[in-house]
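For reference, the structure discussed in these notes is given below.
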There are 2 protein chains.
Amino acid sequence: MTKEKRYQKITKFTVAVDCIVFGFDGTRLKILLIKRGLEPEKGKWSLMGGFVNEDESADIAANRILKTLTGLEGIYLEQFHTFSSPERDPVQRTVSIAYFALIDINKYKESINTDFEAEWFPIKEFPHLIFDHNEMVLLAQKKLQYKAASHTILFELLPDKFTLPLLQSLFEDVFNTSFDKGNFSRKMLSTKLLIKQKEKDKSNSKKGAYYYKLDKKHYEDNLHKILKLIPNPNNLL
Amino acid sequence: MTKEKRYQKITKFTVAVDCIVFGFDGTRLKILLIKRGLEPEKGKWSLMGGFVNEDESADIAANRILKTLTGLEGIYLEQFHTFSSPERDPVQRTVSIAYFALIDINKYKESINTDFEAEWFPIKEFPHLIFDHNEMVLLAQKKLQYKAASHTILFELLPDKFTLPLLQSLFEDVFNTSFDKGNFSRKMLSTKLLIKQKEKDKSNSKKGAYYYKLDKKHYEDNLHKILKLIPNPNNLL
DNA sequence: ACAAAAGTGTTCGTAGTACACCCATGG
DNA sequence: CCATGGGTGTACTACGAACACTTTTGT
């Protein structure tokens with residue numbers, strides 16, 4: 001390569017977006033997969049993805065694609081890595097910008113788009129995926145942990161009202177560990193970001209657990225002073 | 001967009017790599033910039049970058065480009081974000097995969113490649129850059145902090161032998177804060193990753209400060225139990 | 001009344017902070 | 001011999017981990 005190299009000689013690439021869509025059904029952390037609609041590998045399980053158009057940024061494209069495939073708008077989306085190995089797509093040279101998405105699984109149920117065969121799989125036992133999508137899922141999980149350790153993004157996975165035990169089981173699943181319920185609840189409440197509701201959820205116990213809502217007013221202001229929930233926030237990446 | 005959409009209709013993009021090269025001269029954290037060698041914006045300051053070739057991954061391309069521009073190999077490189085706004089390059093639709101690089105500024109001096117006009121600028125006062133490169137630098141700084149808070153990557157910026165006061169001033173500059181010297185040294189030493197040398201550096205004081213080396217044997221094993229050096233590892237991203 | 005889940009209290013150990021103090025040595 | 005930066009000692013505090021204990025209520 002010389003100083004004088006010009007744009008016109010440069011190889012061009014197809015640019016795709018792939019999304020790892022996380023959901024939580026109250027018991028287990030899951031990801032949403034789809035039966036691929038085009039060759040190659042048509043009919044096999046894959047991540048939700050598509051191509052970036054001429055006039056779009058990758059963020060815009062990811063939102064558009066998720067809306068098309070799930071019917072949902074305003075989903076939490078975060079770019080986490082770009083995959084560019086020459087071998088990753090056997091048909092043609094494609095670079096994929098990968099995102100993870102967090103959605104409330106109940107909202108998804110309401111507006112499901114049945115044009116596409118999508119299905120939720122537990123994060124621990126999903127089928128083999130096409131191309132390098134398995135690798136993408138693994139990295140997405142790590143990035144989710146990394147980010148969740150000091151931010152409130154996991155609330156995106158829950159309904160408006162949720163109980164502390166439910167929140168705890170979500171955290172336990174995301175970090176693949178278990179927490180002391182007493183310490184967990186105190187730590188959560190100490191952030192002052194949860195507003196106690198009057199109703200209880202009695203579906204899981206006789207006593208019932210109070211519902212809480214995330215305080216969205218303070219939410220934005222307090223992103224800086226959130227919890228250090230994870231025993232050891234190191235070894236995550 | 002329909003299920004039947006085929007690959008061949010898809011827009012193709014030029015794919016570039018841009019590197020934010022960090023260095024530390026013993027006093028201040030700096031970045032390495034270059035006078036752009038091709039139109040548009042020829043002659044203006046820009047990040048070190050280039051285009052990804054047909055048969056390369058972005059990682060390979062980034063290494064190649066850094067070698068070409070600085071003469072250095074084996075530099076610490078980490079992909080951190082992909083920029084894809086349609087407006088980012090005025091000439092043609094280009095997606096840029098951005099990396100941050102960490103190099104020992106002394107090694108750079110030895111093998112400098114003078115074909116290119118490169119220059120170090122303090123991270124606090126660098127010139128205006130082309131395209132969205134300023135934005136890239138800002139994000140790179142944040143990612144560097146984020147990662148450095150729980151990993152040993154900052155040692156990539158130092159020579160083999162370094163003193164604790166030097167290490168401290170690097171940390172202070174990266175995190176834009178100050179630490180108690182006593183606590184800093186104890187915390188560092190407690191990781192058991194530093195090996196004390198016999199010589200002292202007397203350039204900064206009469207008493208002199210011992211040199212240390214990073215224990216590269218334990219380095220790999222201990223990436224999990226590293227320091228929590230930063231007062232509040234939150235509010236970083 | 002008892003099982004089972006929710007939630008509270010209490011103890012203990014450790015890690016961070018602040019700051020006073022000692023050390024070595026070149027001028 | 002003293003100013004300067006390097007380095008140690010120590011007391012205080014806060015927070016996390018663990019776990020025993022109390023509360024609630026449907027069966």
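Note on naming: letters A, B, ... go to the chains in the order of the sequence lines (proteins, then strands), and numbering restarts at 1 for each one. These numbers come from the heavy atoms of this one structure, side chains and all, not from hydrogens, waters or symmetry mates.
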Can you check the [X] [atom1] to [N] [atom2] distance for me, whole Å?
X        : N      : atom1 : atom2 : answer
A/Leu189 : C/dG9  : CG    : C1'   : 15 Å
A/Phe184 : D/dC19 : CZ    : P     : 19 Å
B/Phe179 : D/dG6  : CZ    : C1'   : 18 Å
A/Asn183 : C/dT8  : CG    : P     : 13 Å
A/Asp180 : C/dT8  : CG    : P     : 13 Å
B/Arg186 : D/dA11 : CZ    : P     : 13 Å
B/Tyr211 : D/dG6  : OH    : P     : 12 Å
B/Asp201 : C/dT25 : CG    : P     : 14 Å

5′-ward residue of the pair A/Gly208/B/Tyr212 relative to DNA chain D
B/Tyr212
Kindly confirm or rule out a cation-pi arrangement of A/Lys196 over A/Tyr212, judged by NZ or CZ under 6.0 Å from the six-membered ring centre and within 45° of its axis?
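The answer is no, since A/Lys196 fails at least one limit relative to A/Tyr212.
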Return the polar atom pairs (N/O with N/O) between nucleotides 12-14 of chain C and the protein under 3.5 Å, or none.
none

Selection residues 167-176 of chain B - residue pairs positive for salt bridge (charged side-chain N to carboxylate O under 4.0 Å, His left out), sequence neighbours left out
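Output for this query is empty, none listed.
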Regarding A/Asn204, tell me which of base, sugar-phosphate or nothing describes its non-hydrogen contacts under 4.0 Å with the strands shown.
sugar-phosphate
Side chain to side chain contact (heavy atoms under 4.5 Å, CB included) with [X]: which residues, sequence neighbours excluded?
X        : result
A/Lys181 : A/Gln168
A/Asn176 : A/Lys124
A/Ser84  : A/Val95, B/Ser57, B/Ala58
B/Leu138 : B/Gln141

Side chain of B/Lys187 (C-beta onward), nearest among C/dG7, C/dT17, D/dT8
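That would be C/dT17.
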Applying ring pair (Phe, Tyr, Trp, His ring centres under 6.0 Å), name anything that partners [X], two or more places apart in sequence or on another chain.
X        : answer
B/Phe126 : none
A/Phe22  : none
A/Tyr211 : none

SB check B/Lys143 B/Glu78 (cutoff 4.0 Å)
no
For DNA chain C, what string of dots and brackets results from 5' to 3' when Watson-Crick and G-U pairs need both distances under 3.5 Å, crossing pairs get [ ], and pairs with another strand get |?
|||||||||||||||||||||||||||
Strictly by side-chain hydrogen bond (donor to acceptor under 3.5 Å, both in side chains), give each pair with a member in residues 20-30 of chain A just once, sequence neighbours left out.
A/Asp25-A/Lys30
Between the protein and nucleotides 22-24 of chain C, which nitrogen or oxygen pairs come in under 3.5 angstrom?
residue, atom, partner, partner atom, Å
C/dC23, O2, B/Lys207, NZ, 3.3

